[in-house]
Student: 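Before I ask anything, here is the structure I am working with.
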Number of protein chains: 2
Amino acid sequence: MDAVDREIVGHLMRDGRATFAEIGSGVGLSAPAVKRRVDRMRASGHITGFTALIDPAALGWTTEAYVEIYYDGNVSATELKRSLEPIPQVVGAWTVAGNPDAIVHVMATNMAEIEQVVERMREHARVERTRSAIVMSRLFERPRSR
Amino acid sequence: MDAVDREIVGHLMRDGRATFAEIGSGVGLSAPAVKRRVDRMRASGHITGFTALIDPAALGWTTEAYVEIYYDGNVSATELKRSLEPIPQVVGAWTVAGNPDAIVHVMATNMAEIEQVVERMREHARVERTRSAIVMSRLFERPRSR
DNA sequence: ACTGAAAGTACCACGAG
DNA sequence: CTCGTGGTACTTTCAGT
């Protein structure tokens, strides 16, 4: 990943459907040259894919929360992943060093659904307690990775 | 947004560079019909854009944190957005109902940079205190909206 | 540089209101 | 009759080698 690759990546983050020719004219390369670089970055895992950015409200996703989880003792990251990933409303999860042990991002259609998800997480394993923050307004969110 | 639109959106979330013909064969429409629907959803704001999914490590983004902000009194969402959005390391920000007043997602190249960002947020306005959680491992994150 | 495929556009057909 | 939506045909541009 040199400077040109980073320029290409920046362009693709701003417009994931940009044509290779368009990107090329921005970075001073021909379309095939850009394609070869993009292919290489996909193969190497630097680019993991392309996606559409959707207004969550359009999918009925109107309620959103961040939930901290406090565990009783140590729980492995892989076990956590295995228990959280099957829950479709959990759109992201991280283990952290700080007060809580993990942070979970939940998106749902309403508050009752959030509560169900939180209870489902609590049932499982060695959860000592949870602490939820309901999102009032999404100020902004920049496109990134996955 | 009818059922067909949701199918198209699902397809585009899985592959943001899928061709209209390919999507059409999945949902039983011709390529131009799909294009018209996509154009309409972009115009209406249901689809806000397309982006590449990048491995953060490939950009040097190896350190990540969630920072809670506690304010002294009320601060408007618009003021918060105005103060946080210019900081490039802040990749997402939400006002919440819960213990903190806001949650901020920070990505940086190292811990020192995280600290700088937190201090910069503290300087501003009526921040009473902050509480940070450093991400140890990203368990997973599903592609969504912005 | 070249070939096949996709994007994009124009125009017509059909059904619901 | 009109509006919305889909299809086909065609041109231009892009992808892929």
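Per chain, numbering begins at 1; letters A, B, ... match sequence-line order.
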Student: Please say whether the positively charged group of B/Arg122, taken as NZ for Lys or CZ for Arg, lies over the ring of B/Tyr71, i.e. under 6.0 angstrom from the six-membered ring centre and within 45 degrees of the axis.
Tutor: no

Student: If I take atom CG in residue B/Leu29 and atom P in nucleotide D/dG6, what distance separates them, rounded to the nearest angstrom?
Tutor: 5 Å

Student: If we count only N and O atoms by modelled type, under 3.5 Å, do the side chains of A/Glu64 and A/His105 hold a donor and an acceptor together?
Tutor: yes

Student: Salt bridge or not for B/Arg6 and B/Asp2, using N-O below 4.0 Å?
Tutor: no

Student: I need the CZ-P distance between A/Arg37 and D/dA15, as an integer number of Å.
Tutor: 17 Å

Student: Which of the following nucleotides, D/dC14, D/dG16, D/dT5, is nearest to the side chain of A/Thr19?
Tutor: D/dC14

Student: Is the phosphate of D/dG16 approached by A/Lys35 (side-chain N or O, under 4.0 Å from OP1 or OP2)?
Tutor: yes

Student: Tell me, please, whether A/Tyr70 has A/Arg129 positioned over its six-membered ring: NZ or CZ under 6.0 Å from the ring centre and within 45 degrees of its axis?
Tutor: yes

Student: Just how far, in rounded Å, is C1' of D/dG6 from CZ of B/Phe20?
Tutor: 16 Å

Student: What nucleotide, of C/dA7, D/dG7, D/dT17, holds the atom closest to the side chain of A/Pro32?
Tutor: D/dT17

Student: Does B/Arg36 have a side-chain nitrogen or oxygen under 4.0 Å from the phosphate oxygens OP1 or OP2 of D/dG7?
Tutor: no

Student: When the distance from CD of B/Glu22 to P of D/dA15 is rounded to whole Å, what number comes out?
Tutor: 15 Å

Student: Nearest to the side chain of B/Arg40, which nucleotide is it out of D/dT5, D/dT8, D/dG7?
Tutor: D/dT5

